[in-house]
Amino acid sequence: MASPAAAGDAGLAYPLLVKRDGTGREEKGYWEPTGEEEALAAECADNARPPPLYRTFKVKDSLLLPYRLLNLARLLLIINFFAWRLKHRESDSMVLWWITLVGDFWFGLSWLLNQASKLNPIKRVPDVSLLNQHLDQSQLPGVDVFINTVDPIDEPVLCTMNSVLSILATDYPAGKHATYFSDDGASLVHYEALLETARFAALWTPFCRKHRVEPRAPESYFSAEKAKAAEGPYAGSAPGQFIEDRRRVRREYEEFKARVEKLFADIPRRSEVFNKGGGERATYMADGRIWPGTWVEPAENHRKGQHAAVVEVVLNHPGDEPQLGTPGRSSEESSPLDFSAVDVRLPMLVYIAREKRPGYDHQKKAGAMNAQLRVSGLLTNAPFIINFDGDHYVNNSSAFRAAACFFLDARHGEDTAFVQFPQRFDGVDPTDRYCNHNRVFFDATLLGLNGLQGPSYVGTGCMFRRAALYGADPPRWQPAQDDDTNKATTLAVDPCRQFGTSMAFINSVPLAANHQDRPIMAAELDYVSTCAYEDGTEWGRGVGWVYNIATEDVVTGFRLHRKGWRSMYCSTQPDAFRGTAPINLTERLYQILRWSGGSLDMFLSRNCPLLAGRRLHPMQRLAYTNMTVYPVCAAFIFAFDLLPLMWLLGGHHQFYVQKPFRTYAEYLFASIVMMELSGMLEIKWAGLGVLDWVRNEQFFMVGATGVYPAAVLHSLLRLVGLKGLPFKLTSKPTAAIAREPFAEMYDVQWAPLLAPTLVVMAVNAAAIAVVIGKAVAFGWPVARLAGAAGGLLFNAWVLLLLYPFALGLMGRWSRRPYLFFLLLVAVLVAAAAVYVAMLAVLPPGGAVPQSFRVLHAVSPARWRTY
Ligand SMILES: O=c1ccn([C@@H]2O[C@H](COP(=O)(O)OP(=O)(O)O[C@H]3O[C@H](CO)[C@@H](O)[C@H](O)[C@H]3O)[C@@H](O)[C@H]2O)c(=O)[nH]1
Ligand SMILES: [Mn+2]
């Protein structure tokens, strides 16, 4: 890896990136350059413009054509299928005939919606080394970094501080980025942990720069160290000092961790001492001031949901000139490492806890980020903003530069509102039982959108253009005549109604679009963090992150796309950022409940994709429709999954929703096979394994049987004015005591949300048992059995899709998955035996009412009563 001389850049710029051919992993061979850059490079050379900063790739025709043809064939098949069904209106129950007709139609439609956005996948690979060649440090745009957290215990504070450290040490000029830490819990633990972090960063950041270590979150660095050592050569500037420096930093890190952990005990103890006088039991800061945020023992104005705003600058802006450190060594105390060739500046770091008052809807994460938007506007007002969930850290320190490649590129840079990176996760079990990696979404769907107007915003790891968040129009949609006054920078007639009444903030708005340095206006910081500030303004609607929805991300991205902005997808090697994911079944289900409910709410709101204007790309509109309406299919899936109930009915009599049933089944079968086939082609260009695909299918079914119906219900209730979905914090792994690997995965937490899926499993298992029972009781010939095979296949398929769910309910028993199959066989045999026994004791013809009783036993109506 060629790295520029350390002295020149003081340990900053160096390329650590995607392989230059743009093909990261197994998908090698399926992508080819579009040739866009070559044409452009010639043009740029003529008028001295910077060269293209990213390369564009498309899927090779040898894969793309079969993929498109297969989808066309499937479309024709589906059309034929409907024509055939409409011509053959024969069924044992016309009601069921209609239900399945509508259901089949809906599936056909949602498949179309889902497919439409994937027909032209585009991959764009930034070239950070080109950026570094053509721009010197001072020309890089400023970036304000937002990071959010709520609770130092639920979101382990050490994990959060690791994220902060990774940001403070990232490879970007220290004067050019500033970090805004939002604490929605307003807890002193966070604030003091941040002070500790700033102190430790004075060692950590220069260490990272000097030795160019990766990743720059210490916890992952020290745990990945072994793997790394085997992988890459030393990239820093002082190989001789590396081992010793690292040992020293590691020791300091252990001490840092201990100090942070101790805060939970130190703060109450210290407050105890200060509180000796009696009266109110306040929580005190180390310097003897009373903490304005929430207290250990909640009191009036110092409890969750009721406290003043706190804005504290933890690290000041370091100035724009690199500052070399000292040779060290001599004095063990102050600077033990030799930083004489390293820039030791730390970027600005600000703690924010916005005000909370009863009677205000604080709008969760979106509200927190809008407060960050205003505070940062006053302090650094960088033209770009990148936001992180508290558990997401920078894993590839070139990531900020990678995003800059897109914004600074001559092609679409000016029209790009945000650059979204994929979400990647640590700590997921190797088989990814609950599909936490979501690979099909991140590596197939989002690349598809990338070929249209751009990926949707997924909540974290996304760099925004500040002016776009403020509601500006993209240049390509601005009226041509006013070229000297850039719309993005002009204020509306009544800026107070739009942005609130802080003049300092309003004055910062027109400056947001310009890349030059600007003065820091440290006024009104508290004022813009109050709850009342947003009253009667556009915040949460036309300005900032969007409110009144559980998934602020999709809708905020949508608002930008609707304005005509585009977005870019940026996937790097190694992963740009990494976070944690819920590996407990119930937690995971609540997470997808929030996503699916929020999405559907968006569809039913004024942000419905169908209502957007013409600036939204037509295919992008279809994609957003798909992204928001998908939970509705659950109603039909649920119905179809329960259809096996009809196999429980009747003794000899067979029940058919559509006759001739054989043709119906053939159509369904062909259509499903074609869908899976196109999935197999899809994972090729996405570079995924079959397991990723299977997990995706399985988790769709798990969601569709329990979560999505619940989401539909919630959204309907919300429509009639009842309460919407809460933003339930997704649980984070408790870092400290690893009882056993993936312990959370084996915890069974009962929740009503699990019941419907359980019913579906029971019904399908029972259906199989009954067929076995019948076959035994009536001595079915082989031909008859073969006839039933289709139905059995369907039942088995459903059970297989729900397999991860079953494992989740088995808790620690699921460490031995074969137990599940033993259990299943036992249940089937038992149920079949019971069924045969019942048939035996009943007179012929009495079988029907009897099976009705079986039916009653497994019907959802009964399940709901406990
Ligand atoms: O009142 C709140 C609630 C949450 N958060 C933060 O929001 C982030 C996301 O919350 P989390 O519980 O981790 O939710 P996830 O399900 O993991 O989040 C995914 O889904 C969310 C939308 O539903 C997106 O906002 C996230 O970026 C995306 O990672 C965390 O940093 C929280 O600290 C706040 O700042 N204030
Ligand atoms: Mn999360």
Side-chain angles (χ1 to χ4, degrees), residues 145-157 159-164 167 180-187 190 294 304-305 351-354 356 360-373 386-393 418 420-428 434-438 441-442 456-462 464 529 531 545-558 577-584 586-602 627-628 707 711 724-733 744:
V145 186
F146 295 178
I147 176 162
N148 296 75
T149 190
V150 178
D151 189 297
I153 295 169
D154 292 348
E155 301 181 287
V157 61
C159 171
T160 315
M161 293 305 140
N162 257 274
S163 305
V164 174
I167 297 167
Y180 294 86
F181 180 98
S182 158
D183 174 15
D184 261 349
S187 89
H190 272 139
T294 56
K304 284 213 171 85
Y351 171 92
I352 305 172
R354 61 199 166 115
K356 296 277 176 75
Y360 274 93
D361 186 340
H362 294 105
Q363 302 290 353
K364 304 288 176 185
K365 184 181 167 194
M369 287 197 289
N370 284 340
Q372 281 164 304
L373 204 50
I386 187 160
N387 91 284
F388 296 109
D389 289 354
D391 55 340
H392 285 247
Y393 64 90
F418 61 95
Q420 176 68 60
F421 292 81
Q423 289 188 13
R424 303 288 193 220
F425 303 100
D426 290 330
V428 172
Y434 302 133
C435 194
N436 283 298
H437 287 308
N438 247 327
F441 177 72
F442 286 116
S456 54
Y457 164 48
V458 296
T460 176
C462 183
F464 289 93
S529 317
C531 336
W545 277 268
V546 178
Y547 286 166
N548 297 320
I549 187 152
T551 45
E552 79 301 330
D553 43 5
V554 185
V555 68
T556 303
F558 169 75
F577 315 115
R578 296 183 72 87
T580 62
I583 57 169
N584 176 268
T586 309
E587 286 290 340
R588 176 78 169 118
L589 292 182
Y590 273 110
Q591 187 184 44
I592 58 177
L593 176 62
R594 160 148 51 82
W595 290 343
S596 53
S599 299
L600 197 55
D601 286 348
M602 171 175 157
M627 248 183 279
T628 49
V707 177
L725 276 174
F727 191 121
K728 186 182 167 297
L729 207 61
T730 305
S731 80
K732 310 292 185 294
E744 283 104 45

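Throughout, numbering of the chain's residues begins at 1 and tracks the sequence. Order of appearance sets the numbers: ligands from 1, and atoms from 1 within every ligand.
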The option among Lys365, Gln591, Arg594 carrying the non-hydrogen atom nearest to atom 14 (O) of ligand 1 is Arg594
Sorted by chain and number, sequence neighbours left out, ring pair (Phe, Tyr, Trp, His ring centres under 6.0 Å) with Phe577 holds for Phe388, Phe421
When you measure from atom 20 (O) of ligand 1 to each heavy atom in Trp595, Tyr457, Phe425, which option holds the nearest one?
Trp595
With a 4.0 Å cut-off on heavy atoms, is Gln423 in contact with ligand 1?
yes
Has Gln363 got a side-chain atom pairing as donor or acceptor with Ala368's backbone, closer than 3.5 angstrom?
no
Against heavy atoms of Thr149, which atoms of ligand 1 measure under 4.0 Å?
33 (O)
Looking only at heavy atoms, is any part of Ala550 under 4.0 Å from ligand 1, and if so is it the side chain, the backbone, or both, or is it neither?
backbone
Return yes or no for this condition: an N or O of Gly390 is under 3.5 Å from an N or O of ligand 1.
yes
Salt bridge flag under 4.0 Å for residues Lys365 and Glu552
yes
Please work out which of the three classes, parallel, tilted or perpendicular, describes the rings of Trp545 and Tyr457, given edges at 30° and 60°.
tilted
With sequence neighbours excluded, residues passing side chain to side chain donor-acceptor pair (under 3.5 Å) with Asp154:
none
Looking only at heavy atoms, is any part of Phe388 under 4.0 Å from ligand 1, and if so is it the side chain, the backbone, or both, or is it neither?
neither
Given 3.5 Å as the limit, does a donor-acceptor pair link the side chain of Thr556 with the main chain of Val546, or not?
yes
Does ligand 1 have an atom that lies less than 4.0 angstrom from a heavy atom of Glu552?
yes
For ligand 1, is any non-hydrogen atom under 4.0 Å from Asp553's backbone (N, CA, C, O), its side chain (CB onward), both, or neither?
side chain
Going by heavy-atom distance to atom 28 (C) of ligand 1, choose the closest among Thr460, Val554, Thr551, Asp389.
Asp389
Can you list the atoms of ligand 1 that are under 4.0 Å from a heavy atom of Val150?
2 (C), 3 (C), 4 (C), 5 (N), 33 (O), 34 (C), 35 (O), 36 (N)
Would you check if Tyr393 and Asp426 make a side-chain contact, meaning some heavy-atom pair closer than 4.5 Å?
yes
In plain terms, say whether Asp184 and Arg354 are close enough for a salt bridge, that is, a side-chain N and a carboxylate O under 4.0 Å apart.
yes
Check: Arg354 N/O within less than 3.5 Å of ligand 1 N/O:
no
